[in-house]
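Below, chain A is the first sequence line, B the second, and so on; all start at residue 1.
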2 protein chains.
Amino acid sequence: MDSEHREKDGERAGVLRRLMAAGRANSAVTVMFHSAVAAKQGLNATEEKTLDYLERRGPLTAKDLAELTGLAPASVTGLVDRLEAKGFVRRVKHPTDKRRVLVELDQEKIAEFAVFFEDWARDVAAACEEFSTPELETVIRFLTVMTERQQRASARLSES
Amino acid sequence: MDSEHREKDGERAGVLRRLMAAGRANSAVTVMFHSAVAAKQGLNATEEKTLDYLERRGPLTAKDLAELTGLAPASVTGLVDRLEAKGFVRRVKHPTDKRRVLVELDQEKIAEFAVFFEDWARDVAAACEEFSTPELETVIRFLTVMTERQQRASARLSES
DNA sequence: GTCCTTAGTTCGACCGAACGAAGTATTTGC
DNA sequence: GCAAATACTTCGTTCGGTCGAACTAAGGAC
């Protein structure tokens, strides 16, 4: 290995180290931000998770929520009661099966809190002015790759 | 505004939109990963937060922890009891003031769980091979800027 | 040296969130 | 059309985590 290679490798290693540090710091702050939002909404972790499922998958039955959250049916009843009392969701009739209860988001309530995200979105956009479009494309590619990897790492961690 | 500008603006807007989406997805997964790690360690949110403070600031007194976590003194006693029972921290004598109790991390226990992070670090390093060194520099710069902004956004959210 | 303050613990109580078991309503299978 | 299965709720209980009040031990002031 010639000296040029050694130098390149050293630089690369340093960059990786700094990237790790930056990623770690960013994760810590992301978690804080998330829990600050939850606190603002007056929601606990379970309730937050439930709203997240509903946002991604649309209306779900109590049974679906039980499976997704890992809670007992009785606990889901309580969970939905709380979310309904706070105005985040509604119980609606299932179109074909009268035994089932569909839980759907109250879009108005969600919009109430969207204000904070718009604030944050403006912040992000402002920060992006320091970056060229190709640079942002690189960032998007990076985030996408990492999201997918971390997703798998989470799953591995949870199951084993 | 000529057609070239219009096109550039449109492209930029699209990139920003995709960046937001990528960032949002990444945040969601980060939070999941974090809670998966906590579950693996058998820690709740408060305990996790406490360990984080100890990692960043070194040994702290019970009073310090009470202020940082916002808990009552009695609750801190319980919190430290639990962390001590699980082997994550130790109570040690304060060098000058015998009333005080210093809480310090058990580095061996921390190292036990570092394995999972090494796994993840390898994963990250592997994913980074798809990126040139200058690209990674861009990512670092982006993460750093965003971390700082999100930090401030969290603080604003928490206080108001 | 005595009194007041400070640091932390113990104790009893409380609350939110989870659970299992039993109950109701509805659908499915034969 | 009746029995078994399914979806959800109700009820009583339990448990973890927090709290305030009272207590102990150790500094600090004068």
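If you measure from atom CG of B:D81 to atom P of C:dT10, you get 7 Å, rounded to the nearest angstrom. The NZ atom of A:K93 sits 13 Å away from the C1' atom of C:dT26 (whole-angstrom rounding). Protein atom CG of A:L102 is 12 Å distant from nucleotide atom P of D:dT9, rounded to whole Å. The interatomic distance linking A:H94 (NE2) with C:dT27 (P) rounds to 11 Å, in whole Å. Taking atom CG of B:L60 as the reference point, atom C1' of C:dA7 lies 15 Å away to the nearest angstrom.
By the 4.5 Å heavy-atom criterion applied to side chains, B:Q150 and A:D123 are not counted as neighbours. Residues B:E84 and B:V103 form no side-chain contact, since every pair of their non-hydrogen atoms from C-beta on lies 4.5 Å or further apart. Side-chain contact between A:M146 and B:C128 is present, with at least one heavy-atom pair separated by less than 4.5 Å.
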Dump every N/O contact between nucleotides 4-7 of chain D and the protein below 3.5 Å, one line per pair.
from  : atom 1 : to    : atom 2 : distance (Å)
D:dT6 : O4'    : A:R99 : NH1    : 3.4
D:dT6 : O2     : A:R99 : NH1    : 2.9

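Note: the hydrophobic cluster containing B:Y53 does not contain A:V29 (ILVMFWY, side chain heavy atoms under 4.5 Å, direct or indirect links).
Toward the 5′ end of DNA chain C lies the nearest nucleotide of B:V80, the other residue of the pair A:K98 and B:V80 mapping further downstream.
Counting heavy-atom neighbours within 6.0 Å of A:K63 NZ, excluding the residue itself, gives a total of 12 or less. Open room surrounds CZ on A:R24; 12 or fewer heavy atoms of other groups in view lie less than 6.0 Å from it.
The aromatic rings of B:F117 and B:F33 lie perpendicular to each other, with more than 60° between the two planes, well past the 30° mark.
When heavy atoms are screened at a 4.0 angstrom cut-off, A:T96 is found touching the sugar-phosphate backbone but no base atom.
Residues A:L102 make up the rest of the hydrophobic cluster containing A:V92, defined by ILVMFWY side-chain heavy atoms closer than 4.5 Å, directly or through other members.
Here the shortest heavy-atom pairing between A:T61 and A:R100 reads CG2-CD, 4.1 Å.
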Expected string for nucleotides 17-22 of chain C under the B/S/- scheme (protein heavy atoms, under 4.0 Å, primed atoms plus P, OP1, OP2 as sugar-phosphate) is SSBBB-

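A close approach under 4.0 Å does occur between a side-chain nitrogen or oxygen of A:R91 and OP1 or OP2 of D:dT9.
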